[in-house]
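Notes follow once the structure below has been shown.
Convention: sequence-line order gives letters A, B, ...; per-chain numbering from 1. A quick note: this is a predicted structure, and the numbers were derived from the prediction, not measured.
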Amino acid sequence: MYQVPSQYYLRLHHPRPRFKREIEEVLIYIASEITAIGRLPKQEFKRALNSAIRRYPGNLGSKQKTIDNWRTEIDALFGFIVEDGDFSVPSNRAVELATNQDLVKFFKLFCYHFQYPGGFVKPNMNLEFLQYGVNFKPVHYILKMLSCAEESEGQRAGINKAEATHCIFNDLRVTRDNRPVQDTWSLIMQNRRTNVEYDWDGDTTRYAGDILDYAVQANLLVKRPNGYYYINHVEDLAIQRFLNAEPDDHFDYYSRLPDISNVTLEDVKALDMEWVRYFNTERDESFFDTDILALATDTEEQYQELKSLITNLDEIIEEGLESTGSIGSVGESLIINHERVRISDEGRPDLKHLIKLIPAAYSVGYDINSVEVDEKKRLIEVKTTASSKPLDFRRFHLTPNEWAAADTFGSRYYVYRLMVTKGSLRLRLIPDPVAQYKAGNLTATPRNGMDIIFDPDKCGYEVELLR
DNA sequence: GCTACCCGTGCC
DNA sequence: GGCACGGGTAGC
């Protein structure tokens, strides 16, 4: 059984995700609720969030202890709440996730900022990390190691949970001394050649395993059925951001501590508050834009096929797009193409030119002007969600503008719910949301517009995205 | 006694 | 054997 030499052994730790089965649903739900709560005095914020967690499906009968644990642990791990004096405030990452519903981008940013030491553990444990001199960004290290390994071996290089645990996470030669990635890879390869066994106990490997799984959610790694994680080369652009990250782009506890040789719990606690701010550093909107075409396709050919569809549209709709790479914009482009194919298939290719993107600046309450075969208008609001895992997401938000437009235009108004997951694009059409609300087919909670939850059995219908 | 990550335990 | 409930426990 492989053992890290005892003088180098330190178990790294972070809060367990208590929602791994439904991580996407829970995260978007919590981020949306936190965003909706907004800036409130700490106690009121806590109460409002607790009641939101209680309303999450399945939590009605949970103990209060469990509700409290959800609130504090999800926030600790994902940095959703920033403390500002006596107030609690939704963090940048929470607001972005609630607004864009781009889980892939969210996890890229999570992986990019995640580090040990970090404010997600209790101060006494963080103090221990600091006394050991831990200074470690796990996703950066793993991506760097796997790309070096690929380069030197000329083939795909993978790693499993146990190797990541025992050769990387729990070894101070890596987490403190930043052992060269080539040396770590050599150790892993040597262990494979000599059939060294690892402790696979669930509670031992779960922490490194969690991080690998988050990197999969970020679409940076892919997990094969053999349990090995490999670099996902459709994301090379994002991976370069990790490989070329500035060394000072991390939260440096050490330089901020008054006295490194005599760190107190007080010092650590004060810095943990600052840590949340680092974790929520403002990034360029395009810093990690999700390439939803890359996410939705399995091969380069499929990718190029979709890409060319959109590129051909670019000149026509260019001026209307806010930022060409964002998931919302790509979603809108896909829907414009879908609508043009639809109207042609229905026998009126002459109407194709009427299908247009409305520039966001006009704030008309929908994204796309489309048409029916009888030349009546069809007004389309596109709601796109991106996630690595299959997602059956029944929630979306309509702004006051959008809800008002839906009310005004009635059956002419459609929500196109586009769900992008690994290897697939799914599209659900929800006509006339206001009428559906009145008919009880969906619930709409007023909150800066309407939070919608629809019943897929009664509300709308799924169609194939036309290409 | 209260808070909030920590983590034993048992379920699926 | 992965995962989440809710009691554990350290710090105040």
Side-chain angles (χ1 to χ4, degrees), chain A residues 10-27 29-30 34 41-50 52-83 86 88 91 110 114-131 134 160-166 169-170 197-217 223-229 253 263-273 275-276 279 388-389:
Chain A
L10 180 71
R11 186 197 72 151
L12 290 192
H13 177 269
H14 54 257
R16 298 174 181 173
R18 48 181 57 245
F19 35 71
K20 219 171 169 179
R21 284 193 195 106
E22 309 188 290
I23 190 160
E24 298 91 348
E25 282 87 349
V26 173
L27 281 181
Y29 180 82
I30 300 287
I34 286 176
K42 283 183 184 175
Q43 285 305 315
E44 285 178 50
F45 191 101
K46 193 193 278 190
R47 242 174 296 144
L49 184 50
N50 270 5
I53 294 169
R54 176 70 70 191
R55 274 184 272 119
Y56 186 81
N59 281 355
L60 211 61
S62 296
K63 296 263 195 228
Q64 187 55 41
K65 194 75 162 67
T66 302
I67 302 294
D68 286 331
N69 289 347
W70 272 51
R71 172 175 50 79
T72 55
E73 288 175 359
I74 294 173
D75 165 49
L77 187 56
F78 294 101
F80 278 163
I81 304 168
V82 181
E83 306 299 333
D86 295 332
S88 295
S91 75
F110 173 86
F114 190 81
Q115 64 168 62
Y116 307 89
F120 42 82
V121 288
K122 285 200 149 189
N124 59 331
M125 193 174 281
N126 224 10
L127 177 62
E128 195 186 350
F129 292 168
L130 287 162
Q131 286 166 339
V134 169
N160 65 34
K161 287 184 183 186
E163 291 167 342
T165 300
H166 301 287
F169 276 71
N170 289 355
E197 293 196 2
Y198 293 103
D199 177 1
W200 271 90
D201 180 74
D203 280 336
T204 306
T205 57
R206 68 183 307 154
Y207 299 100
D210 282 350
I211 300 298
L212 289 168
D213 289 338
Y214 296 144
V216 172
Q217 298 275 6
K223 186 181 186 182
R224 300 247 182 98
N226 62 5
Y228 282 78
Y229 296 75
Y253 277 85
V263 189
T264 67
L265 265 183
E266 290 304 311
D267 301 335
V268 179
K269 256 188 295 184
L271 284 178
D272 284 350
M273 306 265 285
W275 148 263
V276 181
F279 202 71
S388 290
K389 284 197 205 157

Contact interval (first through last nucleotide) of DNA chain B with protein chain A, 4.0 Å heavy-atom: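 Extent of the interface on DNA chain B: B/dA4 to B/dG8.
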Residues that [X] engages under ring-ring contact (aromatic ring centres under 6.0 Å, His included), provided they are two or more places apart:
X	answer
A/Trp70	A/Tyr56
A/Phe45	none
A/Tyr228	none
A/Tyr207	A/His13, A/His14

Does the ring centre of A/Phe279 sit less than 6.0 Å away from the ring centre of A/Phe110?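 Yes: the rings meet the under 6.0 Å criterion.
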Quick one: salt bridge (charged side-chain N to carboxylate O under 4.0 Å, His left out) partners of A/Asp203, sequence neighbours excluded?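 So A/Asp203 forms a salt bridge (charged side-chain N to carboxylate O under 4.0 Å, His left out) with A/Arg16, A/Arg206.
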Using the salt bridge (charged side-chain N to carboxylate O under 4.0 Å, His left out) criterion, which residues pair with A/Asp75? Sequence neighbours excluded.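 If we apply the salt bridge (charged side-chain N to carboxylate O under 4.0 Å, His left out) test to A/Asp75, skipping adjacent residues, there are no hits.
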Protein proximity profile, nucleotides 1-12 of chain C - base contact B, sugar-phosphate-only contact S, no contact -, cut-off 4.0 Å on heavy atoms: -SBBBBBB-BSS
Sequence neighbours excluded and cut-off under 3.5 Å, please list the side-chain donor-acceptor pairs for residues 122-129 of chain A, or say none.
unit_1	atom_1	unit_2	atom_2	d
A/Asn126	OD1	A/Gly118	N	3.2
A/Asn126	ND2	A/Gly118	O	3.0
A/Asn126	ND2	A/Tyr253	OH	3.1
A/Asn126	ND2	A/Asp272	OD1	2.9

Please give the angle, rounded to 10 degrees, between the axes at the start and the end of the helix from B/dG1-C/dC12 to B/dC12-C/dG1, where five pairs define each axis.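 It works out to 20° between the end axes.
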Quick one: on DNA chain B, does A/Tyr207 or A/Lys46 contact a more 5' nucleotide (nearest heavy atom)?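 With A/Tyr207 and A/Lys46 compared, the 5'-side residue is A/Lys46.
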What residue pairs, at least two apart or across chains, pass salt bridge (Lys or Arg N to Asp or Glu O under 4.0 Å) with a residue in residues 52-70 of chain A?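 Matches after skipping sequence neighbours: A/Glu33-A/Arg55, A/Asp68-A/Arg71.
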Using side-chain hydrogen bond (donor to acceptor under 3.5 Å, both in side chains) as the criterion, list what pairs up with A/Thr205, not counting sequence neighbours.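 Checked A/Thr205 against side-chain hydrogen bond (donor to acceptor under 3.5 Å, both in side chains); zero matches.
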